[in-house]
Structure formats: C-alpha cells, structure tokens
There are 2 protein chains.
Amino acid sequence: MARLNRTRFTILGCLTIEPMSGYDVKRFIDRTISHFWNESYGQIYPTLQALEEEGLIEGEREPGERGPDRVVFRITNAGREDLGRWLLEPAEPAVTRYEHSLKLFFGHVIGPSASLQHVERLRERTRSELDRLAAAEVELEKSAASWAPYWLAVLRGGMRYSEMVLAWCDATETDLRKVTP
Amino acid sequence: MARLNRTRFTILGCLTIEPMSGYDVKRFIDRTISHFWNESYGQIYPTLQALEEEGLIEGEREPGERGPDRVVFRITNAGREDLGRWLLEPAEPAVTRYEHSLKLFFGHVIGPSASLQHVERLRERTRSELDRLAAAEVELEKSAASWAPYWLAVLRGGMRYSEMVLAWCDATETDLRKVTP
DNA sequence: ATTGCCATGTAAGGGGTTACATGATTAT
DNA sequence: ATAATCATGTAACCCCTTACATGGCAAT
C-alpha cells in the first residue's frame with residue numbers, strides 16, 4: 001500500500017511560501033487551490049503534530065494579535081528535502097467522482113426535463129466559480145514572486161475548466177431538448 | 001452526517017440498463033463511466049448484499065456459461081423509486097484532488113524544467129484517454145437506445161475535458177519555458 | 001505449463017469529513 | 001446582544017482501495 005498521505009506534502013508545500021499556523025494553512029488552501037484541492041482541520045492539525053515529531057517542521061507558540069495564541073510552523077531542511085523528493089515523483093492519476101455526470105448518465109430514469117435541471121444548476125455554480133477565479137487572476141498577474149508562474153498555470157487551468165463546462169452545458173442543453181420524454 | 005452511500009445508487013442505476021452480476025457491474029462501470037466514476041469490488045459486493053436485504057434488488061443464481069456460477073441481480077420497483085428520488089435531488093459539488101495540479105502549484109520548489117515533466121506526462125496520459133473516448137463515441141452514435149443521449153452527453157463532456165487539458169498543457173509549456181530557474 | 005479471464009467475496013487499514021468542544025476578541 | 005472571525009484540537013464514523021483467498025475454464 002504505497003498510498004502516501006498527501007496532506008503531509010500539501011502542508012509542507014504551504015510552509016515553503018511562509019511560516020503558517022494550522023489555521024493559516026487552511027485559509028491559504030481555501031483561497032488558492034480549493035478549486036482542485038481541499039483539506040479539513042481534522043486532517044491538518046494531527047498532520048502538523050506528526051510532521052513536527054518527524055522533524056520536518058518546527059512550531060513556535062506566539063501570542064495572537066487579536067485572539068488566542070497561535071502556533072506558527074516553519075519548514076526545516078529535512079522537510080524541504082522530503083517535499084522535493086515527492087514533487088519529483090510522477091503524479092498519481094486523479095480519482096474523480098462527478099455526481100453531476102453520474103446523475104446525468106442515468107437520465108433515462110427521470111427523463112430529459114429533470115436532467116436539464118442538473119445542467120442548469122451546474123451552469124450557475126460554474127459561472128460563479130469562474131468569476132471568482134477571474135478575479136484572482138487579475139491579482140496574481142501583478143505578482144513578481146517566484147511562485148507566481150506556477151500559481152497562474154493552475155489558476156488558468158481552473159478557468160479553462162470552468163469555460164469548458166459552460167460550453168458543454170450549452171451543447172448538452174441543445175441536445176437534451178431534442179429528446180422526447 | 002447526511003453522507004449517503006453513492007455506490008448504492010450507482011449499482012441501482014446500472015441495473016436499470018439490464019440485470020447484472022457484481023462482476024458485470026464492475027465491467028460496465030469500467031467501460032462506460034470510468035473517466036468520471038469508479039467502484040471497486042470491495043464496495044460492489046457488500047453493497048449488493050445490502051440492497052438485496054432492503055428489497056431494492058433481487059438476485060438469482062445462474063450457472064456460468066464458461067466459468068463459475070453467477071448471481072444476477074435485477075432492480076425491483078422499490079429500487080427504481082429509491083433511485084428516482086436520489087436522481088431528482090441536486091448533485092453534490094465534486095470534491096476533487098488533482099495531484100498533477102498540486103505538484104505544479106508547488107513548482108517553485110523544484111523549478112521549471114522538473115515541473116514541465118509533469119505537464120509532459122499529463123499530456124501523454126490525456127492523449128490516450130481522448131483516443132479511448134473518441135472510439136467509444138463512434139460506437140455510441142450508432143445506438144438508438146433511450147439512454148444513448150445521456151451517455152453521449154457525459155462522454156462528450158469527457159472529450160471536451162481531455163481537449164481542454166491538452167490545450168492547457170500547450171499553453172503552460174510555453175509559459176514555463178520562459179521562467180528562469 | 002502458465003497466463004488470463006470469469007466470478008465472488010472478505011479483511012485490514014488508511015484517508016477524509018463532519019460535528020463537537022472551547023473561548024477570546026471584534027464588529028454590527 | 002449577537003454574529004463573525006480567530007484559533008486549536010478531538011472523536012466518531014464512513015468511504016474506499018488494496019490485498020488476499022479461491023477455483024474453474026480457455027487459450028498460447
């Protein structure tokens with residue numbers, strides 16, 4: 001079972017940007033990569049402890065500016081090496097589960113008009129997602145940071161994906177309207 | 001915790017096409033929807049037993065034509081109703097985890113040339129996937145079955161996705177070549 | 001001989017989400 | 001007052017894959 005815990009590497013990767021608390025890591029992920037990657041607190045906090053025990057990160061308690069104390073973690077050299085090794089390995093193919101597609105695939109059970117509602121909902125959801133990504137792109141294009149090109153690449157992947165989905169919704173709507181119930 | 005077991009509905013949906021054994025269900029999924037949905041035997045066989053106990057499907061033992069005995073399941077009216085209710089509910093948003101995008105996002109750690117290798121591998125994988133889907137499209141277009149329009153819709157979604165990824169690979173390659181290590 | 005397909009199933013165990021618990025500060 | 005944000009963490013529990021077990025038949 002070579003199924004390595006990818007949360008580990010996600011956290012290590014975040015800490016290459018700057019030192020962060022568990023709360024910061026969660027916010028960072030939600031803001032930058034949530035369109036293709038997510039982590040929950042239930043994963044983040046235990047993983048931070050494990051990484052510290054292994055010496056891949058180091059935590060320091062700080063008084064919170066406006067709120068409770070924070071534990072801010074920074075990546076160690078050992079952590080950077082561990083992350084680097086993983087980053088060089090080929091990526092595992094994604095195991096996707098699109099409930100939208102699944103429900104549409106079984107559309108013959110509920111008929112074309114009910115199926116079209118799924119398309120309509122997907123269109124709305126995708127539109128607002130695209131708006132969000134487009135706004136982020138404007139911000140990112142101003143950045144000269146060393147990671148900006150990589151962030152832009154995945155961000156534009158998300159935008160292309162959204163645009164593709166919207167075009168597919170149009171085409172599918174046209175096709176399904178021709179289906180007799 | 002309203003996290004309903006979607007394997008149940010996947011199996012019920014398959015059985016609306018025709019009666020199938022667990023083995024058939026697995027093969028059917030692999031052939032038709034594996035580009036966006038997968039199930040393993042470890043899920044399928046226990047779920048079949050549960051569905052039968054609930055009266056949503058009925059199994060009958062048959063002698064295998066060339067091999068061991070098979071248990072062929074057919075969906076009941078109760079099963080059809082259960083599936084129909086679920087199909088009418090709005091789809092849950094997909095929780096995706098693209099390792100490819102994640103590794104690229106942290107590309108500043110390994111630099112542009114190593115990151116480009118990820119793009120190259122993704123391109124190869126996507127090309128063969130697109131070939132596979134295009135061949136399936138040719139077959140499906142001949143079908144006059146009631147489910148053909150829905151199968152075509154999701155299949156073309158997969159093809160659009162693959163084409164989008166290939167175009168993104170080209171654009172990303174161009175962009176990353178300009179990045180100095 | 002041995003590989004591959006047909007066919008059904010179980011056990012182990014990691015991955016991951018959700019819900020809960022706690023409590024201070026800040027804004028409305 | 002009340003809601004939202006900051007902040008850390010645990011417990012329960014489901015989801016799902018992988019690996020294993022078993023064995024007959026067909027093809028190379």
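Every value quoted in this text rests on a predicted model; they were computed, and no experiment measured them. Below, chain A is the first sequence line, B the second, and so on; all start at residue 1. Basis for what follows: all heavy atoms, side chains included, without hydrogens, waters or symmetry-related copies.
Partners of B:E141 according to the side-chain hydrogen bond (donor to acceptor under 3.5 Å, both in side chains) rule, which considers only residues two or more places apart in sequence or in another chain, are B:R156. In this structure A:D30 satisfies the salt bridge (charged side-chain N to carboxylate O under 4.0 Å, His left out) test together with A:K26, sequence neighbours excluded. B:I17 is linked by a side chain to side chain contact (heavy atoms under 4.5 Å, CB included) to A:H108, B:M20, B:F28, B:W147, B:W151, counting only residues two or more places apart in sequence or in another chain. Listed by chain and number, the residues in a side-chain hydrogen bond (donor to acceptor under 3.5 Å, both in side chains) with A:Y98 are B:Y98 (sequence neighbours excluded). In this structure B:R80 satisfies the side-chain hydrogen bond (donor to acceptor under 3.5 Å, both in side chains) test with no other residue, sequence neighbours excluded.
Every pair tested for salt bridge (charged side-chain N to carboxylate O under 4.0 Å, His left out) that includes a residue from residues 86-96 of chain B fails, sequence neighbours excluded, so the list is empty. Under the salt bridge (charged side-chain N to carboxylate O under 4.0 Å, His left out) criterion, the residue pairs touching residues 46-56 of chain B are B:R8-B:E54, with sequence neighbours excluded.
Side chains of A:E58 and A:T76: a donor-acceptor N/O pair is absent below 3.5 angstrom, by distance only.
Using a 4.0 Å cut-off between charged nitrogen and carboxylate oxygen, B:R123 and B:E120 count as a salt-bridge pair. Looking at B:E137 and B:K142, no side-chain N of the basic residue comes within less than 4.0 Å of a carboxylate O on the acidic one, giving no salt bridge. Under 4.0 Å is where a charged nitrogen must lie from a carboxylate oxygen, and between A:R160 and A:E163 no such pair does.
Between the C1' atom of D:dG9 and the CZ atom of A:R70 lies a distance of 16 Å, rounded to the nearest Å. One interatomic measurement links the two molecules: CZ of B:R8 to P of D:dC15, which rounds to 10 Å at whole-angstrom precision. When the P atom of C:dG16 is taken as reference, atom CD of B:E99 falls 10 Å away, rounded to whole Å. Atoms CD1 (A:I11) and P (C:dG16) sit 11 Å apart, rounded to a whole Å. Atom CD of B:E62 and atom P of C:dA7 are 10 Å apart (whole Å). Rounded to whole Å, atom P of C:dT17 lies 17 Å from atom CG of B:N5.
The closest side-chain heavy-atom distance from B:T10 to A:L102 is below 4.5 Å. Under the 4.5 Å side-chain criterion, counting only non-hydrogen atoms from C-beta, A:S115 is in contact with B:Y150. Looking only at side-chain heavy atoms (C-beta outward), B:R177 and B:S113 stay at 4.5 Å or farther from each other.
At D:dC15, none of the side-chain N or O atoms of B:T7 fall inside 4.0 Å of OP1 or OP2 (strictly under the cut-off). Applying the 4.0 Å criterion to OP1 and OP2 of D:dC16, one finds that B:R6 has a side-chain N or O inside that range.
Taking five base pairs at each end of the helix from C:dA1-D:dT28 to C:dT28-D:dA1, the local helix axes there meet at an angle of 40°, rounded to 10°.
Only at 4.0 angstrom or more do the heavy atoms of residues 78-93 of chain A sit from any atom of DNA chain C, so none qualifies. Listed in residue order, the members of residues 15-34 of chain B having a heavy atom less than 4.0 Å from DNA chain C are B:S21, B:G22, B:Y23, B:R27. Remark: A:Q43 in residues 43-54 of chain A come within less than 4.0 Å of DNA chain C through at least one heavy atom. Within residues 35-42 of chain B, the residues approached by DNA chain D to less than 4.0 Å at the level of any non-hydrogen atom are B:S40, B:G42, in residue-number order.
Between B:R97 and B:V72, the residue whose closest nucleotide on DNA chain C is further toward the 5' end is B:V72.
By the 6.0 Å contact criterion, CD on A:E60 is open, its count of non-hydrogen atoms from other residues, nucleotides or ligands being 12 or less. Within a 6.0 Å sphere centred on CZ of B:R74, other residues, nucleotides and ligands contribute 12 heavy atoms or fewer.
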